[in-house]
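Both backbone and side-chain heavy atoms feed into the values below; hydrogens, waters and symmetry mates do not. In this chain, numbering begins with 1 at the start of the sequence shown. What you see is a predicted model; the values in this text were computed from it and never measured.
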Amino acid sequence: MRKSGVLIMFILFVACNEPLIEKPENLISKDKMVEILKEMAIVNAAKNTNITKFQDNKIDPTAYVFKKFNIDSLQFVLSDKYYASKPDVYESIYEEIDTLLYIEKKVASELKKMQDSLKKAKKATSKNKPKKGTNSPPKK
């Protein structure tokens, strides 16, 4: 009984180390896959926010991403399926995407704050300028 238990464990160990899915010939690199999936997340969020802009301009978000990264749908699906068969790798891809999106969101937020501050400063400056054709001093 003991030998059969060891044999079963050995078979399970070997089976777990066998690749579930063969590596595709034109596998998208992990780094490029991160960029593609990040771009898809951004485009899909934009699409869900304002779908009429996409419809009015006849833009298919997925086709846009594929064209931008010079890939086709089959290459993407096979690469995604391959990475999904490797849970540790797939998880690291999505963790990297989360990190990049967090950084981009933070940068965008800071840029918006700066733009808002510049608009306020511009309004304040324009209120204090004398009107053309008058010699009156600026209002205080």
S.K.: Report the C-alpha distance between Met40 and Tyr64 in whole Å, list the side-chain angles of each, state the deciding distance to 0.1 Å, and finish with yes or no for side-chain contact (heavy atoms from CB on, under 4.5 Å).
M.R.: CA-CA 9 Å; Met40 283 185 160; Tyr64 163 79; over 6 Å; no
S.K.: How many angstroms lie between atom OG of Ser85 and atom NZ of Lys23, to the nearest 0.5 angstrom?
M.R.: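 Ser85 OG to Lys23 NZ: 11.5 Å, rounded to 0.5 Å.
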S.K.: Show the nearest heavy-atom pair for residues Asp72 and Phe66, with the distance to one decimal.
M.R.: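 Of all heavy-atom pairs spanning Asp72 and Phe66, the closest is C-CD1, 4.3 Å.
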S.K.: Specify the closest pair of heavy atoms between Leu27 and Tyr82, including all atoms of both residues, with the distance to one decimal.
M.R.: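 The pair with the smallest heavy-atom distance is CD1-CD2, 3.6 Å.
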S.K.: Which atoms form the tightest heavy-atom contact between Ile59 and Pro61, and what is the distance?
M.R.: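 The answer is O-CD, 3.4 Å.
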S.K.: Which atom pair, heavy atoms only, marks the closest approach of Leu101 to Ala41?
M.R.: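 Shortest heavy-atom separation between Leu101 and Ala41 comes out as CD1-CB, 4.2 Å.
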S.K.: Do you know the tightest heavy-atom contact between Leu78 and Pro24?
M.R.: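 Scanning both residues completely, I find the closest heavy atoms to be O-CG, 3.7 Å.
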S.K.: Does Ile97 belong to the same Ile/Leu/Val/Met/Phe/Trp/Tyr cluster as Val107, with side-chain heavy atoms less than 4.5 Å apart forming each link?
M.R.: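 Ile97 and Val107: separate clusters.
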S.K.: Is Asp56 atom CG crowded by more than 12 heavy atoms from other residues, nucleotides or ligands, each under 6.0 Å away?
M.R.: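 Count over threshold, so yes.
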S.K.: Taking side chain to side chain donor-acceptor pair (under 3.5 Å) as the test, write out the residues that go with Glu95, two or more places apart.
M.R.: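 For Glu95, no residue satisfies side chain to side chain donor-acceptor pair (under 3.5 Å) once neighbours in sequence are set aside.
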S.K.: Got a salt bridge between Asp116 and Lys112, using NZ or NE/NH1/NH2 to carboxylate O under 4.0 Å?
M.R.: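 A salt bridge links Asp116 with Lys112.
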S.K.: Take a 6.0 Å sphere around NZ of Lys32 and say whether it holds more than 12 heavy atoms from other residues, nucleotides or ligands.
M.R.: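 Yes, enclosed.
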S.K.: Measure from the side-chain N and O atoms of Tyr83 to the backbone N and O of Ile28, and report whether any donor-acceptor pair falls under 3.5 Å.
M.R.: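 Such a contact is found between Tyr83 side chain and Ile28 backbone.
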S.K.: Measuring from Asp98:CG to Glu91:CD, what's the distance to the nearest 0.5 Å?
M.R.: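 Here the interatomic distance stands at 10.5 Å.
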S.K.: Looking at OG1 of Thr62 and CD1 of Ile36, how far apart are the two atoms once the value is rounded to the nearest 0.5 Å?
M.R.: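 Between atom OG1 of Thr62 and atom CD1 of Ile36 there are 12.0 Å.
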S.K.: Considering residues at least two apart in sequence or located in another chain, which fulfil the side chain to side chain donor-acceptor pair (under 3.5 Å) criterion with Asn50?
M.R.: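 Checked Asn50 against side chain to side chain donor-acceptor pair (under 3.5 Å); matches are Thr52.
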S.K.: For the backbone of Lys105 and the side chain of Ser109, can you confirm whether one donor and one acceptor N or O come within less than 3.5 Å of each other?
M.R.: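 Flag not set: sc Ser109 to bb Lys105 has no pair under 3.5 Å.
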S.K.: Any ion pair linking Glu35 and Lys38 (charged N to carboxylate O, less than 4.0 Å)?
M.R.: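 Yes.
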S.K.: Within the distance-only criterion (no hydrogens, no angle test), does the side chain of Asp80 pair as donor or acceptor with the backbone N or O of Phe76 below 3.5 angstrom?
M.R.: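 Pair absent, no side-chain N/O of Asp80 close to backbone of Phe76.
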S.K.: Using a distance-only test with no angle check, is there a side-chain donor-acceptor pair under 3.5 angstrom linking Ser92 and Lys30?
M.R.: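 Short answer, yes.
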S.K.: Under the side chain to side chain contact (heavy atoms under 4.5 Å, CB included) test against Val65, which residue among Val43, Ile71, Asp60, Asn44 passes?
M.R.: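 Only match with Val65 under side chain to side chain contact (heavy atoms under 4.5 Å, CB included): Val43.
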S.K.: When rounded to the nearest 0.5 angstrom, what is the spacing between CD1 in Ile93 and NZ in Lys86?
M.R.: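 Nearest 0.5 Å value for the CD1-NZ distance: 11.0 Å.
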